[in-house]
Amino acid sequence: MELIDFYKEAGIDKEVFEYGKKAEEKLKDRFARIDEMAELNQIKVLSAMRKERVSYDCLNGTTGYGYGDVGRDTLEKVYADVFHGEDALVRPQITCGTHAIALALFSNLRPGDTFLSIAGKPYDTLDDVIGINPCPGSLAEYGVRYAQADLKPDSSFDFDAIRNAIDEHTKVVEIQRSKGYATRKSFSVDEIGEAIHFVKSIKPDVLVFVDNCYGEFVEDKEPLEVGADFMAGSLIKNPGGGLAPIGGYIVGKSECIENAANRLTSPGLGREVGASLNAMRDFYQGFFLAPTVTAAAEKGAILAAEIFEGLGYKCVPKADEDRHDIIQAVELKTAKALCAFCEGIQAASPIDSYVKPEPWDMPGYSDKVIMAAGTFVSGASIELSADGPLREPYAAYFQGGLTYPHAKLGILMALQYLVNAGEISLK
Ligand SMILES: *Cc1c(COP(=O)(O)O)cnc(C)c1O
């Protein structure tokens, strides 16, 4: 049997397979560059594991208070090395990305300080954290003010707006690396570096924080290398490599991490407590796999853009644009097309492939949202998934894929469902 026969048996028509093949052939050079990125990031991770002398004992967890947890403490050194921080906090007790970011902010801001976002409005879930939506326990309730400098229409930093927004109360400046669910561009690490340089030229003692979600291992360097003071992310995205079942990290200046540890557990206990339970093997192995898993997801994103742009759909980023994260937005123009796309992704999933996703009223969102995710780790967006709000321009946010062949099958299945729904004709 030929490859095409296997696709046929999986429900992919010849026209869809061949359309995918043509798109893939154009991407050879880009894929080769992504492989090279995975290679150098793999070396980075391995070098840190060797330097910190990760041993078999590190894979065993602790229980109870978790005093003297060698696995946990060594893993935090590995993260600090790879991301060029003085110190790191990498814990299963950090429940998700939003928690990691909230922890970083609450622990490093004090009443009377101003928190300034210079990349426009931050990720949706931070509205409650900051108090943009009134919420019990928000930063606003603790007397931390919020200011925002919007991006320019071309989604570059607005340096005049940033200058005007910084004052004597500005303590932490946030830059969100990835676009999240906005339709702006994501920032390269160099662009982040320029913005940090500008901010520090106005106020040298300000702390710059980067929301690094979805950005890890996409480039050959990370935000701390261009002057960020601390950054945070989720372990069920890139750095967990698909294996971490929970967790978040914060990496950066010792002082910032100490503040975070005291807030995560308790002043006085700090980083010394926090049993790692059974998470360590997956944390280490996932971090080890993360560079190649991220590369697979990135290739999937590029293939999706190449295919759907070729069919006349607007894609952000464009197929030939440089990438700074693993998210691909495809504007599908109609609700029916968005739903068909998500149904295709779901049907190609290893888990719950027989389930049909339906739009629903998700807490915290004003429009109905449709989500496709058949993942091993619930909600893990480093695994193949797609979702989008049912409103103009009916964009599907597509991300992940632990392996490139799975990402490819998912994309072809999405295309097949669009063809079956009469939204696209390849004839
Ligand atoms: C995913 C994400 C978050 C929040 O992470 P959760 O794990 O979903 O809480 C924050 N910022 C950005 C840019 C993200 O992509």
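Just follow the structure's listing: the first ligand is 1, and inside any ligand the first atom is 1.
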| Interfacing atoms of ligand 1 (cut-off 4.0 Å, heavy-atom, Tyr214) |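 Checking each atom against Tyr214, I get 15 (O).
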| field | For Gln176, atoms of ligand 1 separated by under 4.0 Å from a heavy atom | value |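 Close to Gln176: 13 (C).
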Identify the closest protein heavy atom to [atom]: which residue and atom is it, and at what distance?
atom	value
atom 11 (N) of ligand 1	Asp211 OD2, 2.6 Å
atom 7 (O) of ligand 1	Gly97 N, 2.7 Å
atom 9 (O) of ligand 1	Thr98 OG1, 2.5 Å
atom 2 (C) of ligand 1	Lys237 NZ, 2.3 Å

Donor + acceptor pair across side chains of [X], [Y] (<3.5 Å):
X	Y	answer
Tyr123	Ser178	no
Gln148	Asp150	yes
Gln399	Tyr397	no
Gln176	Tyr214	no
Ser276	Asp69	yes

| query | Could you walk me through whether Glu383 and Thr375 pass the side-chain hydrogen bond (donor to acceptor under 3.5 Å, both in side chains) check? | reply | CA-CA 6 Å; Glu383 295 187 54; Thr375 57; 4.6 Å; no
| query | With a 4.0 Å heavy-atom cut-off (strictly under), which part of Ile236 contacts ligand 1: side chain, backbone, both or neither? | reply |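 Answer for Ile236: neither.
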| message | At under 4.0 Å between heavy atoms, is it the side chain or the backbone of His99 that contacts ligand 1, or both, or neither? | response |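 The answer is neither; His99 stays 4.0 Å or more away.
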